[in-house]
There are 2 protein chains.
Amino acid sequence: MREDRDVAGRPGPTRTQDAEGTRRNILDVATEEFAGKGYSGGRIDEIAARTNTSKRMIYYYFRDKEGLYLAVLEEAYRRIRTIENTLDLEHLEPEEALKALVGFTFDYQNENQDFIRLVMVENIHHGEHLKKSRAIHDVNATVIDKIKGLYQRGVAAGVFRKGIDPIDIHMSISALCFFNVSNRATFSLIFERDMDSARALAKRRAIVVDTILRYVRG
Amino acid sequence: MREDRDVAGRPGPTRTQDAEGTRRNILDVATEEFAGKGYSGGRIDEIAARTNTSKRMIYYYFRDKEGLYLAVLEEAYRRIRTIENTLDLEHLEPEEALKALVGFTFDYQNENQDFIRLVMVENIHHGEHLKKSRAIHDVNATVIDKIKGLYQRGVAAGVFRKGIDPIDIHMSISALCFFNVSNRATFSLIFERDMDSARALAKRRAIVVDTILRYVRG
DNA sequence: TTGACTGAACTAACTAGTTCGTACATTGCT
DNA sequence: AGCAATGTACGAACTAGTTAGTTCAGTCAA
């Protein structure tokens, strides 16, 4: 039973009228479902069953399966952008800043496997849903600007070599971090390699950071 | 209409009795379908329609949807292993050999996007189908042995530094090459970047080779 | 004549999306 | 304040279309 009044005693959302909570609840369950089974494999009935609300509400708030999936995708991108924005790299020396950024990316992607899996799913579908999203280009600027800034400081300080495109740096960071999550199932199976343990992750993290640093150093 | 006789004029498989050809044909169409739409998104009826044969034959040869998918997956892995085996790196200097291997991997993965996409699909499904395959561990040995051999030669020659695990080298190569195909849709969309043109591919290929070389050099 | 191979039509289960009916809350009117 | 009208939030059962898998009566080559 939810409360009829919020802490401040305002009328607020009541038991049956908590629109935002219901939306959130559906979105959370749907994120798990689509990340776990893909878009085609994800089942609306399954999502509805694990929700506090009903199937009717899914269609009420999100129109159809695709609308729900797109909302899930946008929310996932929104979340990572928000967190990326809190990263303060300006006060660090270029090398340290880059290390921090790569390490953060590695950790974030490892801790948010649902996000990685949603991106995989979207790529399987050739990005056709993402194309319909207007809100997506905002994700762009942030990371690239951060890398660009720190790279230029590094070049000016003589620690990084010239002529590298910041987008290529970002692509390499993404690739190395992403793969560790996205291909864990098949890679660990074929090469009989532990990729889950804290030990294995720490080791791999160090290698990824090192790989990027060696690439940009002058 | 297929020919009743092969080029050599031997009785060979005839129009209606070409079991191996029929299997191949189904497998080829199914590879495209599953690579294009994923396992759940792939449709048996769709595959049947694009085949020279009928839906009945799919079940005749592959038992069920999962059997067909698994056959597709195993065939894809078999193909890459076969090609990798033809790579002759022993006669090259360690650095050149590694460059050749990375370049080959980049090119192969770019030219065989269906393979990449099947691996993505399998990872979305947590590798549950691959687990059922007995034939898979053979894929292992080849690549790792090649890298191990060339790496040790490089260390002995003093051009590569000590203490690197060959599997980590392979993982980094795979990650950098894989990402370029697997995430092309979303990445090029978000960062408005051309990743398809021959020019863009050549540039990226050089960066990937360079990244790996810089990582192992002493 | 035999047996590998084939196709059209069918079925049972599933799945996205809808219908209809209800409870509650808010706003505007008196 | 009290009442009516309107809009928001919700659930159970239903529908129409789809999809994996089957049946069965055959065809064709050897």
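As a basis for the values below, the full set of heavy atoms in this structure was taken, side chains included, without hydrogen atoms, waters or symmetry mates. Each chain gets a letter, A, B and so on, in the order its sequence line appears, and its residues count up from 1.
- S133(A) and E74(A) share a donor-acceptor pair across their side chains, judged by distance under 3.5 Å alone.
- Put simply, CD1 on I47(A) is 11 Å from P on dG17(C), counting in whole angstrom units.
- Separating the CD atom of E33(B) from the C1' atom of dT19(D) is a distance of 12 Å, rounded to the nearest angstrom.
- Between the side chains of H126(A) and N123(A), not a single donor N or O lies within less than 3.5 Å of an accepting N or O.
- K37(A) has a carboxylate O that lies under 4.0 Å from a charged side-chain N of E33(A), or vice versa, which qualifies the two as a salt bridge.
- Here the CG-OH distance, from L98(A) to Y151(A), works out to 11.0 Å after rounding to the nearest 0.5 Å.
- Look at CD on E46(A): it is 13 Å from C1' on dC14(C), rounded to the nearest Å.
- For DNA chain D, the residues of residues 56-65 of chain B within the heavy-atom distance limit of 4.0 Å (strictly under) are R56(B), Y59(B), D64(B), K65(B), sorted by number.
- K148(A) is linked by a side-chain hydrogen bond (donor to acceptor under 3.5 Å, both in side chains) to nothing, counting only residues two or more places apart in sequence or in another chain.
- Between R204(A) and M195(A) there is no side-chain heavy-atom pair separated by less than 4.5 Å.
- Screening F34(B), F178(B), Y77(B) for a ring-ring contact (aromatic ring centres under 6.0 Å, His included) involving F115(B) leaves a single residue, Y77(B).
- Judged by distance alone, the side chains of N25(B) and R50(B) never bring a donor and an acceptor atom under 3.5 Å apart.
- Atom-to-atom, CZ of R43(A) to C1' of dA16(C) comes out at 10 Å; the value is rounded to the nearest Å.
- Between its two ends, the helix from dT1(C)-dA30(D) to dT30(C)-dA1(D) turns its axis by 20°, counting five pairs per end and rounding to 10 degrees.
- Atom P of nucleotide dG17(C) and atom CG of L68(A) are separated by 10 Å, given to the nearest angstrom.
- Residue contacts for S54(A): at a heavy-atom cut-off of 4.0 Å it reaches a base atom on one of the strands shown.
- Residue T22(A) places at least one side-chain N or O closer than 4.0 Å to OP1 or OP2 of dC10(D).
- With respect to D194(A) and R199(A), no salt bridge is recorded, no charged nitrogen being found less than 4.0 Å from a carboxylate O.
- In this entry the distance linking CD of E20(A) with C1' of dT8(D) reads 14 Å, nearest Å.
- Taking atom NZ of residue K55(B) and atom C1' of nucleotide dC5(C), one finds them 18 Å apart after rounding to whole Å.
- When rounded to the nearest whole Å, the span between CD1 of I26(B) and C1' of dA20(D) equals 15 Å.
- Counting any heavy atom pair closer than 4.0 Å across all strands shown, G42(A) reaches sugar-phosphate atoms only and no base atom.
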